[in-house]
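None of the values given here were measured: they were computed from a predicted structure. So you know, we letter chains A, B, ... as the sequences are listed, proteins then strands, and number each from 1.
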2 protein chains.
Amino acid sequence: MTESGASARERIVAGAADMISRRGLNATSIRETAKHARAPLGSTYHYFPEGKQQLVTEAVRYTGEWTTRSLRKELQAGPVAGLLAFLALWRKIVVDSDFRAGCPVLAVSIEEPAAGQTSAALAAAADVFAAWEGLLADSLREHGVEPERAAQLATLIVAAVEGTVAMCRAKRSTEPLDRTAEQLRTLIRAAVEG
Amino acid sequence: MTESGASARERIVAGAADMISRRGLNATSIRETAKHARAPLGSTYHYFPEGKQQLVTEAVRYTGEWTTRSLRKELQAGPVAGLLAFLALWRKIVVDSDFRAGCPVLAVSIEEPAAGQTSAALAAAADVFAAWEGLLADSLREHGVEPERAAQLATLIVAAVEGTVAMCRAKRSTEPLDRTAEQLRTLIRAAVEG
DNA sequence: TCTTGTTTATAACAATTGTCATAGCCTACA
DNA sequence: TGTAGGCTATGACAATTGTTATAAACAAGA
């Protein structure tokens, strides 16, 4: 295994996730992904013999893993802290990219799979959403929120964050994030205390 | 002016909006848009001399117009009724398309404009979001919600709905919409009554 | 050193993309 | 009837797409 910094394979996956988060799924070509990772095109099909579908699926999972790790860690300080960290994570991506990048999981979710077949990448996206919701719902329940309300709130939080990030990109402003953050924070606080 | 049902121009715009809502911006080609509208490719560049950029921009505005019209009408019965109608509108699109279609405005928002230039379509998307937020915030204020809270709530609602539609597509289920609907409804009710 | 398996390097393929040009049709008005 | 202008039809262009094939370079173990 040849290493140069991270492995070439990992660089390709991470680069694909970044490019998908900017341009969307279909506008991200394997050639440019390889170039972006300074890996040759041949290597891409060596590492991902099932082609683009496989690469995209792994990119979604990759994004899911590190965001989930971050969310789980921050939730140890309670649901409000977890929410704020989750928001901060996406805010950084949006701001650092000058409003050009967002969430690759969302990007994959809104591009129709090719005719007839169900997409592995889409299933991976659903899993990531479910993981986030699960972590948030668990934390809320641990802080006294009844199960059904916790599940509803978790879904609302994930959906609102994803939608807000997209709105920030369109408006080229972080104001939507500020507003959503404020409302979600008071909402969680009320649920936990009530 | 040759009419066949709606004008060819309008058919092209509406078809483009539908295709973008399924496949995303970059995967929607002008050729297929024309075919989908049963219009010749030549006509597309006749009606939209500025090319794809213009067509996409008009598709976003088109979507914005009829959703805004619907939202404004339903809000006359109060903010909760408006919310429910807004949710029902998107639910119908998601369900009728077997979880393949979503919101074209969101789709345009998350695909990076070509290097350096700012995209007219992206600006149109921002306008649509702002229009929805404005209508919701106005209604909330009219029902006694203080201005800042109304604005925050309006942003949260739009973001949550957009995010939820995407989650429904990934999961191939309307459950996210059910959960979000429930939470947003009680949230609005509390704000209006409080 | 020789050999085996991983990685890279190139080239080619059919298909599709946005865009443009040009020639024809076809309707409406004089 | 004729003529102008909106619309259609068709074809071409360079570029890019996903994918496959093939051969060279390379690494490490025998």
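Among the candidates L153(A), L75(A), L83(A), L156(A), the single residue satisfying the side-chain contact (heavy atoms from CB on, under 4.5 Å) test with L136(A) is L75(A). Just one residue in the list R189(A), R141(A), H143(A), R185(A) forms a side-chain contact (heavy atoms from CB on, under 4.5 Å) with P79(A), and that residue is H143(A).
Between the C1' atom of dG18(D) and the CD atom of E32(A) lies a distance of 14 Å, rounded to the nearest Å. Atoms CD1 (I12(B)) and C1' (dC7(D)) sit 11 Å apart, rounded to a whole Å. In this structure, the CD atom of Q54(A) is 15 Å from the P atom of dG18(D), given to the nearest Å. The interatomic distance linking E50(A) (CD) with dT20(D) (P) rounds to 11 Å, in whole Å. Between I30(A) atom CD1 and dG18(D) atom P the separation is 5 Å, expressed in whole Å. R9(B) has its CZ atom 14 Å from the P atom of dG6(D), to the nearest Å. What separates CZ of F48(B) from P of dC7(D) is a distance of 11 Å, to the nearest Å. Between K52(B) atom NZ and dT16(C) atom P the separation is 15 Å, expressed in whole Å.
Across its full length, the helix from dT1(C)-dA30(D) to dA30(C)-dT1(D) shows an angle of 0° between the axes of its 5 terminal pairs at either end, rounded to 10 degrees.
A donor-acceptor contact closer than 3.5 angstrom links the side chains of Q152(A) and Q183(B).
In summary, E111(A) and R169(B) do not engage in a salt bridge, as defined by a charged side-chain N under 4.0 Å from a carboxylate O. Classification of E74(A) and R69(A) as a salt-bridged pair fails, no side-chain N sitting under 4.0 Å from a carboxylate O.
Around the CZ atom of R38(B), the shell of radius 6.0 Å holds no more than 12 heavy atoms that belong to other residues, nucleotides or ligands.
Proximity of S29(B) to the phosphate of dT16(C): no side-chain N or O atom is located under 4.0 Å from OP1 or OP2.
The side chain of S43(B) has dT8(D) as its nearest neighbour among dT8(C), dT8(D), dT19(D). Of the candidates dT19(D), dT8(D), dA9(C), the closest approach to any side-chain atom of Y45(A) belongs to dT19(D).
For the pair T28(A) and G42(A), both in contact range of DNA chain D, the more 5′-proximal nearest nucleotide belongs to T28(A). Toward the 5′ end of DNA chain C lies the nearest nucleotide of H46(A), the other residue of the pair R31(A) and H46(A) mapping further downstream.
L55(B) places a side-chain heavy atom less than 4.5 Å from the side chain of I12(B).
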